[in-house]
Number of protein chains: 2
Amino acid sequence: MIQAHAVRLFTERGYDATTVTEIAEAAGVSPMTVYRHFPTKEDLVLVDQRARLVADLIAASPATQPLVRRIGRALIDAATRLTGSGHEGDLTANEQFLLARLRLMISTPALRAKHLDNHYALQQAIVDALGNDATDPDAAFHAQAAASACLAAMHTALVRWAEDDGRTELPELIAKALAAAFGEDVVESGSNEAR
Amino acid sequence: MIQAHAVRLFTERGYDATTVTEIAEAAGVSPMTVYRHFPTKEDLVLVDQRARLVADLIAASPATQPLVRRIGRALIDAATRLTGSGHEGDLTANEQFLLARLRLMISTPALRAKHLDNHYALQQAIVDALGNDATDPDAAFHAQAAASACLAAMHTALVRWAEDDGRTELPELIAKALAAAFGEDVVESGSNEAR
DNA sequence: TACCACTTTGGTAGTAACTATCACCAAGGT
DNA sequence: ACCTTGGTGATAGTTACTACCAAAGTGGTA
């Protein structure tokens, strides 16, 4: 509830122009309570637990495929689940909220910065989930480079999705971004998930 | 001079544990003066004008090559100039300072976040420098995805360089990161620069 | 030397995001 | 009745940063 009020106020008045105290008043709680649930003002927009989902998808993917492909498919599959694709026309309330948060993240420097830093943590989770030999520094470096590049490509897809107001399917955009960066063959078809 | 004192104090006591007032005292100026030259505390570490250099290198690169290769070579060439490669053994004072700043950027969440956001601005500069048709949204999307992925790969190289205390040549690490993400053929040899 | 823009620097006061510490209160188990 | 526990609230303090205005150095001209 606090987060919903926060995103609404940020969207209406702007992020910097909205104080935490105002959010607390709108939500009917004390500023202390807001800080207890969201350690920083940025967290009011950025709370996001995709990391676990993506990491799980990667750990479940076949280790025989190239890194970029494993990671790319996991990102696409995660997006499919998050947006609940397959609808036509109207967006779900979940997607509306995601879009509102994404727009704030893109337009507000402080949020954009912290969001990108969250990707950094997600990158670590992905590298761990790949399950490579951690003792080989070259393999670890390879995994880091591949993961960071995939996440960056996904981020451009997120930006495009927001600019599009969610009209294009997010998984499709991510696939296009990955193809643009790594070549068409990386994400041709099918899912890594077991059926 | 202010920046040098700031980086020294941050390294000695930690970023959060050092106040801007303390930096001002160490540098022998007033806090106001610090804020005038470095709008935010983060900028005391992050001032960096690579953007222009990289963009120029890209604009000068042959448009016939694939995007990832053009961007990758520009990043490698820029790193070569910045570190003044070719030395053996000791690091230059310039490199020492770069390393100190980089270590702070990597270990301090606030700095890491803002640094990644700076990459975001650099990405825009790169896309502009590529000189593609801005009216074609698909081409623009392609360029954004390629640029963000390349920058992300370069960032992992920077991290590795810092972990290595600068022992490996930075351009070489960037080339390896790009190869790991995009394939060995992307950065095989030679420079884009006109001789 | 004297004068005059112009730039750089400094002081004061204020805002807002946090933090530490303590107190309160309702629910549940013994 | 008593104690624990988890959520809540108030108070006071620190610190990054801003707006506004005053002072001091800098360089060119007469």
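This structure is a prediction, so every number in the text was calculated from the model and none was measured. In the text below, chain A, chain B and the rest are named by the order of the sequence lines, each starting its count at 1.
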B:Y120 and A:H155 aromatic ring geometry - parallel, tilted or perpendicular at 30°/60° bounds: perpendicular

From CA spacing to verdict: side chain to side chain donor-acceptor pair (under 3.5 Å), A:T18, A:R13: CA-CA 7 Å; A:T18 309; A:R13 316 181 188 177; 5.1 Å; no

pair A:H142-B:K176: side-chain heavy atoms closer than 4.5 Å: no

Derivation of the side chain to side chain donor-acceptor pair (under 3.5 Å) call for A:R112 and A:H115: CA-CA 5 Å; A:R112 201 172 50 212; A:H115 177 235; over 6 Å; no

Separation of atom CD in A:E25 from atom C1' in D:dA10, rounded to whole Å: 15 Å

Integer-rounded Å distance: C:dA16 P and A:L44 CG: 16 Å

Lys/Arg-Asp/Glu bridge criterion (N-O < 4.0 Å) met for B:D77, B:R81: no

Distance test, side-chain N/O of A:S30 to OP1/OP2 of D:dG9, below 4.0 Å: yes

From D:dT8, C:dT9, D:dG9, nucleotide with atom closest to B:R36 side chain: C:dT9

Any B:H37 side-chain N or O less than 4.0 Å from OP1/OP2 of C:dT8: no

Tabulated below should be each protein N or O lying under 3.5 Å from an N or O of nucleotides 15-18 of chain D; please produce it.
residue : atom : partner : partner atom : Å
D:dA16  : OP1  : B:K41   : NZ           : 3.1
D:dA16  : OP2  : B:V20   : N            : 3.4
D:dC17  : OP2  : B:K41   : N            : 2.6

B:D43 and B:T40: CA distance, side-chain angles, deciding distance, side chain to side chain donor-acceptor pair (under 3.5 Å) verdict: CA-CA 5 Å; B:D43 288 328; B:T40 72; 3.1 Å; yes

